[in-house]
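Remember, it's a predicted structure, so these values are computed and weren't measured experimentally. Just so we're on the same page: letters track the sequence lines, and every chain starts at 1.
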Protein chains: 2
Amino acid sequence: MAINLDESQSLQLWHSAAMAQVLDNVPDLTLRQTAIILTIYLQRPPHTVRGLAATLNVTKPVITRALDTMGMMKLVTRKRDPSDRRNVIIQRTVDGSLYLEKLAEIISTSAGELRL
Amino acid sequence: MAINLDESQSLQLWHSAAMAQVLDNVPDLTLRQTAIILTIYLQRPPHTVRGLAATLNVTKPVITRALDTMGMMKLVTRKRDPSDRRNVIIQRTVDGSLYLEKLAEIISTSAGELRL
DNA sequence: ATAAAATAGAACGGAACCGAAATAAAACCG
DNA sequence: CGGTTTTATTTCGGTTCCGTTCTATTTTAT
């Protein structure tokens, strides 16, 4: 079963989900940070700074800074790759999983409220 | 027909849409700004600073600053309410409509790419 | 007319982000 | 070994955003 959203429904969904996040005072990530954390949690590991930078087509400092911020929020952690100590492996956390679970619930609920 | 998205699909949709926006170098609005512009374009006018602040449960300076930014981007315009000159009426623009049309297309496309 | 209330914006200090360039550490290669 | 490449981070100057507080303008009420 394919999901088909027309443009009006798409905007309603985005609006509802954005409103819910603003009202919930959810710690708000930038669009880039959102793309990064979702890539980390949805795509197969391992994830490195270089890999994420390539995937998002941004410079590495952008990734480093986003990881700093999300690291302080406990949404991700970093670890040196033992086999090549230049690399940093980005890992998931319990808090990160909870954050995304909550986000998923907001989106899912917003979708359920869509009216034609 | 009701739209039902499970949590995995919700995150995939959000990921895909966030990625598309990052890759397109779309001018990235904060979550609050996104909620504001969508409220302006999806809900019935008139929109005032006070009304938007109440709707989003934020202070008025937050709205003023968001309108400053989005005004410079030509996504919205402001006009004094002639009948009560304390009020500012926020209005849509052609550029704002185009911006949202593009956003809608990104989300719609992302939804279409969802697989189970 | 004068005082009070309401609306929007400005000012301020602090925090986060950006792009670009410079730095540090590790691995590779001749 | 010594030099080069690769990886990640730090630094720099500039911009934007935030919350709080203060100000200016307009309307309403006494």
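Using a 4.0 Å cut-off, no side-chain N or O of B:Gln33 falls inside it from OP1 or OP2 of D:dT16. Here B:Thr69 reaches the OP1 or OP2 of D:dC17: one of its side-chain N or O atoms lies under 4.0 Å away. Between B:Arg32 and D:dC18 there is a side-chain polar atom (N or O) within less than 4.0 angstrom of OP1 or OP2. For B:Arg50 and C:dA5, the shortest distance from a side-chain N or O to OP1 or OP2 is not below 4.0 Å.
D:dC18 atom P lies 11 Å from atom CG of B:Leu29, rounded to whole Å. Whole-Å rounding puts the B:Ile36 CD1 to C:dA8 P distance at 13 Å. Counting to the nearest Å, the P atom of D:dA8 and the CZ atom of A:Arg80 are 8 Å from each other. Taking atom NZ of residue B:Lys60 and atom C1' of nucleotide D:dT26, one finds them 13 Å apart after rounding to whole Å. Atom pair A:Arg86:CZ and D:dT7:P shows a separation of 6 Å (rounding to whole Å applied). Between the P atom of C:dA16 and the CG atom of B:Asp28 lies a distance of 17 Å, rounded to the nearest Å. For the pair A:Asn87 CG and C:dA27 P, the computed distance is 9 Å after rounding to whole Å. Atom CG of B:Asp84 is separated from atom P of C:dT7 by 8 Å (rounded to the nearest Å).
At distances below 3.5 Å, not a single donor-acceptor pair connects side-chain atoms of B:Asp24 with backbone N or O atoms of B:Val26.
Toward the 5' end of DNA chain D, the nearer of the two residues A:Asp68 and B:Val62, judged by each one's closest nucleotide, is A:Asp68. A residue-by-residue look at B:Met72 and B:Pro61 shows that B:Met72 has its nearest nucleotide of DNA chain D further toward the 5' end. Each of B:Ile89 and A:Thr59 was assigned the nucleotide of DNA chain C with the nearest heavy atom; the assignment lying further toward the 5' end belongs to B:Ile89.
For B:Gln91, the CD atom sits in a packed shell: over 12 heavy atoms of surrounding residues, nucleotides or ligands are nearer than 6.0 Å.
Side-chain contact of A:His47 with A:Thr39: a donor-acceptor pair under 3.5 Å is absent, judged by distance alone. Checked by atom type, the side-chain pair A:Gln12/A:Ser8 shows a donor-acceptor distance below 3.5 Å.
Among the atoms of the strands shown, base atoms are found under 4.0 Å from some heavy atom of A:Arg65.
For B:Val49, the side-chain atoms get nearest to C:dG9 when compared with the rest of D:dA8, D:dT27, C:dG9. When each of D:dC18, C:dC18, D:dT6 is scored by its nearest atom to the side-chain atoms of B:Thr30, the top-ranked nucleotide is D:dC18. You'll find that the side chain of A:Thr64 is closest to D:dA8, out of C:dA8, C:dA6, D:dA8.
Here A:Arg78 pairs with A:Asp68 under the salt bridge (Lys or Arg N to Asp or Glu O under 4.0 Å) rule; sequence neighbours left out.
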